[in-house]
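Values below: all heavy atoms of this structure, side chains included; hydrogens, waters and symmetry mates excluded. Here is the naming used below: chain letters follow the sequence lines, and residue numbers restart at 1 for every chain.
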Amino acid sequence: MTSKSFSLSPRRSFGETLRKEAWWIYPLFVFLGLGAFVVYSTWAAFQAEHYRFGPYLSPFYSPELLGSEHAWFGAKPAWIPDWLPFSPAFLILWAPAGFRLTCYYYRGAYYKAFWADPPSCAVGEPRSSYRGERKFPLILQNVHRYFLYLALVFLIFLLHDVWEALWFVNPSTGGTEFGIGVGTIILAANVFFLGGYTLGCHSLRHLIGGSVDEISKFKLRWDGYRCVTCLNNRHMVWAWCSLFVVGFSDVYVRLCSMGIWTDWRIL
Amino acid sequence: MKTARFKLWRGERGEGDFVEYETKITEGMVVLDAVLQIQAEQANDLACRWNCKAGKCGSCSAEVNGMPKLMCMTRLNSLPMDKPVTVEPMRAFPSIRDLATDVSWNYGVKEKIRPFAPREPDAEDGTWRMSQKDVDRVQEFRKCIECFLCQDVCHVLRDHHMHEDFIGPRFLVYAAALEMHPLDTDDRLKDLKDDSNIGLCNITKCCTKVCPEHITITDNAIIPLKERVVDEFYDPVKKFLKLFRRK
């Protein structure tokens with residue numbers, strides 16, 4: 001920025017700091033939390049079974065495009081060779097994963113926890129070189145808004161899944177009847193938290209009103225901007241709650257489907 | 001009256017070491033009080049900048065127990081006193097002497113940012129009319145006291161020493177205040193992308209964490225600017241629509 005050259009204090013080595021509090025707790029929590037989610041969701045995606053139970057569909061498999069008789073386009077096509085691992089989750093999971101991977105909150109969190117860039121504020125880094133997000137590959141983080149569009153569409157699918165989860169087959173008559181099970185509430189909670197996370201997205205905030213200097217001229221955009229800002233203020237909380245609930249939703253459907261847990265009917 | 005131990009960095013132009021002092025402390029004291037007491041009683045030649053003692057001038061920026069803080073706003077009862085309290089100068093700027101740093105690089109950066117360029121006055125009296133809603137959004141940025149703690153904690157400057165390439169959070173806030181101003185007509189997005197290298201910010205939010213004025217630097221200034229840069233340079237659909245609109 002300026003041609004002035006000056007001598008600065010030498011860089012501190014990796015992890016070196018004068019901070020006295022346990023600064024490593026937060027990055028460790030992020031490392032374990034995100035790491036556990038990535039491992040579990042990858043495992044769950046490869047299973048390709050136990051993702052339906054009664055009217056419930058695991059959010060990791062929603063919408064089911066291909067794979068079973070319930071899928072939009074039917075069972076797995078014959079042209080997909082048997083040696084190739086296939087799961088309905090492979091077709092869709094990249095979209096929500098991309099949304100989280102490029103999310104402004106998660107970026108800051110995993111740069112610290114997984115790449116130590118920096119490990120925490122005012123703590124020494126392991127590398128002296130730095131490219132940031134201005135060059136490949138991290139310049140691709142700018143694609144976040146496109147993943148947002150997909151995430152908004154996924155919210156509609158998940159909302160539809162909640163609707164489906166309200167209709168249970170009556171074993172005695174064979175017809176469907178209205179009901180609410182614990183699974184219904186979990187899937188509804190999933191949409192609630194994912195909604196809070198997605199609708200508080202920084203990109204949405206920008207697109208709905210942040211890009212306009214004189215937003216007061218557009219009443220609807222102003223109202224929308226205020227709502228998104230309200231959710232955005234707690235984006236981190238929404239991000240973690242939604243991550244936990246979406247994972248738990250899959251666990252719930254899976255364990256019910258495996259006969260390990262029993263789904264309690266409330267209504 | 002209790003005593004407390006302090007390790008103050010003593011030295012000149014980057015050469016030096018911590019020196020330990022012990023001084024009496026009383027209820028309500030802040031780090032600056034203790035430092036000035038040590039200066040008065042034990043180290044008359046200790047260099048230390050301060051002015052208002054009210055968190056409004058931004059002069060007494062330093063690193064207390066490893067974190068950038070205003071000494072005048074850091075109460076001793078908020079720090080663990082079982083170990084010596086370390087006070088060192090900001091590491092992102094050249095040390096002059098003891099706790100004083102040369103922050104003049106920042107003034108050079110500020111001069112290079114395109115200044116406020118208001119549109120033609122729209123009122124008969126030669127002034128402007130703005131909606132309070134529009135001004136509220138940029139008002140937060142005007143709280144900045146230029147203590148440069150955000151610059152100090154930013155790892156791009158602090159650890160990677162990229163002063164030649166990156167303007168730092170303080171000036172991204174300044175640019176946001178201008179760019180998002182309802183009256184401003186200038187376009188700073190190309191400068192932000194190419195000269196200021198906003199892409200170097202990786203959103204660790206450390207700047208927001210240390211801001212004594214509680215400006216939401218990352219969420220309200222840097223990310224909105226990043227999104228505007230995406231609009232202009234990285235979003236093909238938006239670029240296409242803009243071309244269409246111009247026709």
Side-chain angles (χ1 to χ4, degrees), chain A residues 1-12 17-21 23 104-105 107-109 111-112 115 117-118 120-125 127-135 138-139 141-146 202-203 205-207 210-217 222 225 229 232-233 235, chain B residues 13-14 63 65-68 80 83 86 88 91-95 102 104-105 108-109 112 131-134 137 153 155-156 158-167 180-182 184 193 195-206 209-210 218-219 223-224 226-228 230-231 234-235:
Chain A
M1 280 284 86
T2 64
S3 56
K4 184 178 177 180
S5 63
F6 45 67
S7 59
L8 295 162
S9 309
R11 332 181 23 245
R12 285 199 161 128
T17 182
L18 291 180
R19 286 176 66 178
K20 291 185 166 59
E21 79 278 21
W23 56 265
Y104 282 103
Y105 163 68
R107 273 146 71 177
Y111 288 145
K112 283 182 183 165
W115 199 241
D117 209 1
S120 188
C121 304
V123 177
E125 297 183 20
R127 290 165 296 274
S128 57
S129 63
Y130 180 73
R131 292 156 64 93
E133 295 185 338
R134 64 177 173 163
K135 289 185 177 159
L138 294 183
I139 198 167
Q141 302 278 30
N142 290 320
V143 78
H144 183 54
R145 59 181 58 179
Y146 287 96
H202 290 90
S203 286
R205 187 177 180 227
H206 169 76
L207 294 166
S211 55
V212 187
D213 291 343
E214 291 184 278
I215 194 173
S216 59
K217 291 181 176 171
W222 168 245
Y225 180 78
T229 299
N232 183 264
N233 288 339
H235 200 48
Chain B
R13 312 230 168 258
E63 299 196 5
N65 280 352
M67 273 302 270
K83 293 175 192 154
T86 60
E88 62 175 330
R91 295 181 63 84
F93 306 111
S95 150
D102 176 5
S104 60
W105 169 80
V109 172
K112 291 190 177 176
S131 163
Q132 189 62 44
K133 288 175 185 169
D134 300 328
R137 206 158 47 161
V153 82
H155 73 125
V156 183
R158 177 192 185 85
D159 292 304
H160 298 292
H161 298 175
M162 297 180 82
H163 297 72
E164 296 287 324
D165 302 311
F166 187 54
I167 61 173
M180 293 161 72
H181 197 285
D184 186 75
K193 174 179 162 281
D195 302 331
S196 310
N197 282 304
I198 191 171
L200 283 171
C201 168
N202 69 342
I203 337 156
T204 58
K205 295 198 177 185
C206 293
K209 202 176 279 182
V210 301
T218 318
D219 292 297
I223 293 175
K226 272 179 173 265
E227 284 292 316
R228 286 179 182 218
V230 175
D231 274 352
Y234 300 117
D235 185 340

* Proximity breakdown for A/Thr229 and chain B, heavy-atom pairs closer than 4.5 Å -> neither
* To do: Let me know if B/Asp231 has heavy atoms under 4.5 Å from chain A in its side chain, its backbone, both or neither.
  => both
* Taking all non-hydrogen atoms of both residues into account, name the closest pair between B/His160 and A/Ser129 and its distance. => CE1-O, 3.7 Å
* Asked: If you tally heavy-atom pairs under 4.5 Å against chain B, which of A/Leu18, A/Ile215, A/Asn232 wins?
  -> A/Leu18
* Asked: Which region of A/Ser128, side chain (C-beta onward) or backbone (N, CA, C, O), has a non-hydrogen atom less than 4.5 Å from a non-hydrogen atom of chain B, or is it both or neither?
  -> backbone
* Structure fact -> Honestly, the part of A/Arg145 sitting under 4.5 Å from a heavy atom of chain B is side chain
* Does A/Arg134 count as lying over the ring of B/Phe166, i.e. NZ or CZ under 6.0 Å from the six-ring centre, within 45 degrees of the axis? -> no
* Asked: Are A/Ile139 and B/Tyr234 side-chain neighbours, meaning at least one heavy-atom pair lies under 4.5 Å?
  -> yes
* **Which atoms of B/Gln132 approach chain A - backbone, side chain, both or neither, heavy atom under 4.5 Å** => neither
* **Engaged part of A/Arg131 at the chain B interface, taking heavy atoms whose separation is under 4.5 Å** => backbone
* Asked: Between B/His155 and A/Tyr130, what is the ring plane arrangement, given parallel below 30°, perpendicular above 60°, and tilted in between?
  -> perpendicular
* Could you tell me which portion of A/Leu138 (side chain, backbone, both or neither) has an atom closer than 4.5 angstrom to a non-hydrogen atom of chain B? => neither
* **No-hydrogen, no-angle side-chain donor-acceptor test under 3.5 Å, A/His144 and B/Glu227** => no
* Contact class of A/Trp222 relative to chain B, heavy atoms under 4.5 angstrom -> side chain
